[in-house]
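Structure first, commentary second.
In the text below, chain A, chain B and the rest are named by the order of the sequence lines, each starting its count at 1. The basis for the numbers below is simple: all heavy atoms, side chains too, and nothing from hydrogens, waters or symmetry mates.
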Amino acid sequence: MSGNYFSGLFKGVKSLLVGMGETWKELWTKKVTAEYPENRKTTLFVSDRWRATLTMPHDENNEHACTSCKVCETNCPNGTIQVIQKVIETEEGKKKKVLDRYLYDLGMCTFCNLCVLTCPSDAIVFSKDFENATFTRDRLKEQLNKEGSKLREKKKEVKPEAEKSAPEAE
Amino acid sequence: MNYSQPLELSHVTAWLDEVLRGAMPEFWALLIEYVLIGVVLLTLYAVLALILIYAERKITAFFQSRLGPNRVGKWGIVQSVADMVKILIKEIIYVKKVDKVLFYVAPFFMIVASMLTFGAIPFGQGLQVVDFNIGVFYVLAVSSLGIIGVLLAGWSSNNKYSMVGAMRSGAQFVSYELSAGLALMTMVVLSGTMQLSEIVESQRYCWNLFNGHISAVIAFVIYLISGHAETNRGPFDLPEAESELIAGYHTEYSGLQFGFFYLAEYLNMFIIAAIATTVFLGGWMPIQVKGWDTFNQIMWYIPSYLWFFAKAAVLVFISLWVRWSFPRLRIDQLLNLEWKYLLPINLVNIFVMVLLVLSGLTLTGLFPNVFGN
Amino acid sequence: METIKKLILEKLPEAVIEDKQPLCVSVEPKQVHLLMETLYNNPEYNFDVLLKVIGMDWGEKLGVIYFLTGSKDLFAKEIVVKTATADRENPLLYSLTDLYETALLNEREIYAMFGIRFINNPDMRKFFLNEDWIGYPLRKDYDGAPALNPMKVESKEIQDVTRRLTEVDGKIQEERIDIFEVDDYIINIGPQHPSTHGVMHFRTALDGEIIKKIDVHSGYIHRGIEKLSENLGYHQILHFTDRLDYLSANINRHCLCMCIEKAAEIEVPERAQYIRTILDELTRIESHLLGWAAQCNDLGATTAFVYGMREREMILHIFEKVCGGRLIMNQNVIGGVMFDIYPEFQKEVKEFIPYMREKLIEYDRFFSHNVIALGRMIGIGVLKQEDAVSYAITGPAGRASGWSCDVRKHKAYSLYDQVEFKEVIRKEGDSYARYLNRLDEIAESLHIIEQLIDNIPEGSFQTKTKPIIRIPEGEYYQSVEAGRGVFSVFIDSRGDKTPYRLKFRSPSMSLVSAMPLICKGEKLADFIGIGGSMDYVIPDIDR
Ligand code: SF4
Ligand code: SF4
């Protein structure tokens with residue numbers, strides 16, 4: 001009985017001291033805190049595959065690749081994307097539907113990547129600018145095509161962005 | 001053996017006293033002195049709390065492989081000040097259906113109790129506000145007032161979590177008060193006095209911790225444990241166990257009222273360290289060796305209050321180290337520890353101490369010309 | 001299976017047996033209980049695990065699908081029992097709570113979602129939904145107009161009364177039962193509480209520090225994922241799985257992908273299998289690390305929490321590089337994985353393995369033998385094996401009660417039949433066993449990864465699939481071993497591009513359902529500790 005009492009006491013104290021030894025070691029180890037935002041330019045790591053916000057790359061002529069086919073809109077599970085078309089007349093006098101506004105609501109997006117995967121023209125990509133906080137929800141709604149931009153005429157190679165894979169669209 | 005003590009604050013106080021007494025009647029001089037002392041103490045109280053909070057946060061962070069506060073000022077040094085300002089300007093929220101009066105006074109109990117204890121601590125040579133001849137007893141008595149604040153807070157908040165927290169606190173406090181008291185009594189047996197200044201004086205060449213060897217070390221450990229428990233600090237923070245009771249007895253408090261609890265907690269931690277320093281580690285007395293006059297002189301160049309704070313700081317560090325290494329005890333483990341381990345050991349220990357002292361087996365008794373005063 | 005068929009027909013000659021995989025028996029509501037009893041007591045192989053209880057709306061009929069298997073050798077034999085009633089106004093079925101404890105919450109969920117009430121269920125309240133919710137969401141004719149169930153701002157008193165239906169001489173009687181006694185000291189642990197690990201709500205009656213009774217409320221973050229899925233294509237449903245048990249995101253998604261691939265007969269390339277398995281195991285480590293950290297935190301060791309998070313961060317870092325997501329990974333897609341691994345993947349994972357082993361030793365020294373911690377875990381919250389089986393508690397918690405219930409062993413999927421690993425089983429069933437199990441499983445997972453990481457074959461990581469997938473008519477089941485136990489998917493397809501019914505089995509719901517049992521008589525502080533040791537994740541329950 002008394003043997004138990006004391007061995008219990010000593011074992012207990014020993015276990016506590018071993019634990020304190022571990023924290024003592026930790027006291028001197030390198031700290032892991034990431035000092036954001038100071039480390040923006042140094043140690044901050046954002047993967048290239050990171051999906052922060054949807055963007056539509058425009059080239060130097062203010063042209064994008066979106067044919068306004070609405071595949072992304074139908075594929076999006078939660079109605080984040082709205083593709084608004086307008087009808088213009090081409091030089092040959094034919095009527096043609098082109099992209100008027102490409103609306104994207106960052107607040108709704110679940111970053112499932114389906115829109116990017118299914119876009120037949122590779123017109124949209126995810127950027128890795130993750131600092132998207134705003135003060136109101138309305139500010140999260142964006143128009144992705146720039147003012148006055150138009151569809152790129154000849155299909156040029158699009159810069160290989162984040163690894164593309166998965167199903168081609170219909 | 002009067003060593004020169006150039007940096008001692010007692011020079012300043014003595015000089016001030018002289019000037020005041022010379023300039024006005026004794027009554028006014030005393031009055032001014034009282035007010036001054038009060039102001040200085042209060043300031044010290046607040047400043048110490050700020051330093052302690054900063055130290056705790058920083059050291060905790062290092063234990064947890066983080067950096068801790070590092071935004072406000074270099075290394076986050078003024079973080080505590082910023083927090084204090086924030087707490088001062090924060091709205092105090094009164095919850096419906098609280099018992100208004102009790103809810104309001106509870107934090108004051110806490111803070112007054114810890115301030116009263118604070119006043120009796122000898123911070124340095126001649127830096128003690130009142131030197132009761134029953135100092136140890138006084139310290140024990142007033143520090144236990146704080147529990148009333150906790151119980152009132154828990155009761156008046158009209159919150160079940162607070163209530164559970166307060167009840168835990170009651171059980172915990174009553175139990176550990178006993179151990180803390182007995183551990184100090186052990187040392188009173190050794191020193192033969194309850195007057196804090198004399199206790200310090202008697203440790204000139206040999207700290208009580210070594211003087212009473214086995215017995216004193218046991219009493220020291222027990223005192224630290226029960227002191228921890230009394231101040232509700234982890235791993236004994238059951239009354240406010242945040243993963244169980246949200247914040248325990250002070251769940252409903254906000255703003256300055258919460259600040260009072262917060263402040264009192266940190267100051268109590270310091271007070272425990274300070275008392276342990278005084279009773280076990282020679283208080284403000286510099287390390288001295290009989291006969292080595294030059295060495296002693298050098299030691300005396302370091303002013304006594306620095307000695308005091310340095311020793312206390314070591315104890316505070318140990319307290320933090322323990323706090324952040326262990327999980328929280330459960331109420332029955334807590335009571336078990338007290339009633340099954342600490343109390344019986346303590347009782348035996350006090351008896352052993354009496355024997356040691358009576359039979360002259362203390363270090364001062366054994367080697368009077370090395371350690372004796 | 002033939003003997004079982006014979007046995008069933010002997011007892012219930014009118015039962016309709018479909019020879020499918022798994023065997024499917026349809027019976028009238030009145031006979032379900034008898035059939036279940038027969039199967040439960042079947043001497044050859046006790047069907048004592050009610051793994052899934054799936055409410056169904058077949059159009060005309062409302063009913064339930066029960067998925068049964070046995071604890072002795074999980075999944076060795078499986079049987080599906082169906083029952084239905086044509087009464088849509090007041091559908092009544094018979095409860096199985098006396099045989100399977102896990103039926104209790106599941107039947108309550110079905111009541112909320114389909115309006116089917118169960119006779120003899122001792123607590124026939126809606127689970128997830130308020131009593132006054134209008135309509136039954138998972139019925140096909142549910143009217144989801146917001147005006148019917150407007151959002152209310154004012155708070156409502158909780159009514160601690162329940163009903164119980166009993167059948168006396170063919171007549172249904174309803175009695176009201178008070179859940180608590182009049183002078184019980186009730187505290188609400190949750191929905192806002194630091195240690196419920198989410199928006200969970202336990203109404204807890206205390207006797208001093210001791211827990212007298214717990215009443216579980218959930219549904220504060222119910223999102224109706226199963227209902228949403230009925231209107232979405234299979235590609236689109238995938239992203240919901242990451243949001244169930246977010247700590248086993250990749251494993252859940254793997255399960256749904258496998259189920260669809262099996263149904264649509266899509267081959268998955270070898271390379272994708274490797275990537276999936278490795279990421280699954282990394283997910284498991286990550287999930288167990290968080291479980292460990294949170295459990296320590298619940299016991300008051302905040303420092304341990306930070307250590308756990310620190311190691312977990314390294315895995316999340318790898319995840320981020322592989323698939324651009326840390327928590328919500330989005331990696332598995334139908335036919336493979338979305339992204340191939342990056343060039344340094346193998347190197348980084350191989351660096352992580354020894355690092356993690358070292359840290360496991362540190363955890364062991366730091367916490368596993370600490371007297372205070374031991375006192376707070378050993379012998380606390382004991383879950384006996386028969387209870388684990390009855391509540392269908394799987395995962396580390398089930399294995400801590402001595403029940404060998406690892407899907408990876410019993411019904412290996414992906415590459416688990418090619419790797420060598422130990423199923424960690426302990427007998428004690430207390431918090432400490434669950435605690436140690438989790439740490440040991442981290443070690444086992446490291447071992448699995450080690451075997452795979454160097455052998456990832458070259459080749460494609462994805463089979464191209466059609467943009468719209470149609471699954472042939474039928475019912476499909478798939479189970480995997482997620483971080484907290486058996487996670488499974490049930491798809492009922494009518495050949496459309498959307499599922500007719502999709503059901504996720506959530507391991508956390510079983511874990512929570514046992515809380516009232518194992519916490520009874522423990523101290524309040526231990527209730528929190530036990531919760532940490534069960535390690536449930538709320539969105540998994542609330543689906
Ligand atoms: S972004 Fe792509 S998928 Fe969407 S409308 Fe434009 S071209 Fe079509
Ligand atoms: S990532 Fe998914 S949710 Fe977001 S816009 Fe694309 S398809 Fe929609």
Review point. Under 4.0 Å between a Lys/Arg side-chain N and an Asp/Glu carboxylate O for C/R376 and C/E522?
Key: no
Check your understanding: Are C/K213 and C/E181 close enough for a salt bridge, meaning some N to O gap below 4.0 Å?
Key -> no
Between [X] and [Y], a side-chain donor and acceptor under 3.5 Å:
X	Y	result
C/E441	C/N437	no
B/S215	B/N349	yes
C/R484	C/S287	yes

Check your understanding: Quick one: what part of B/D237 sits under 4.5 Å from any heavy atom of chain C, side chain, backbone, both or neither?
Key -> neither
**Study point:** Residue part contacting chain C, namely of B/L329, when any heavy atom lies under 4.5 Å
**Key:** both
For the candidates [options], which exhibits the highest count of non-hydrogen atom pairs separated by less than 4.5 Å from chain B?
options	result
C/T303, C/L524, C/V306	C/T303
C/D526, C/I372, C/I528	C/I372
C/A525, C/G208, C/A373, C/A304	C/A525

Chain B contact via [X] - which portion, at a heavy-atom distance below 4.5 Å:
X	value
C/F367	side chain
C/I380	side chain
C/R310	side chain

**Study point:** Aromatic C/Y307 / basic C/K359 pairing, under 6.0 angstrom, 45° off normal
**Key:** no
Exercise for review: Could you tell me which residues in residues 318-327 of chain B have at least one non-hydrogen atom under 4.5 Å from a non-hydrogen atom of chain C, sorted by residue number?
Suggested key: B/W324, B/S325, B/F326, B/P327
Centroid-to-centroid, [X] to [Y], below 6.0 Å?
X	Y	result
B/Y262	B/F258	yes
B/Y161	B/Y249	no
B/Y253	B/F260	no

Practice item. Mind ranking B/R66, B/M167, B/R168, B/M163 by heavy-atom pairs under 4.5 Å with chain C and telling me who comes out on top? Key: B/R168
Check your understanding: Should the ring pair C/F202 and C/F527 be called parallel, tilted or perpendicular, given that the plane angle runs from 0 to 90° and is split at 30 and 60?
Key -> perpendicular
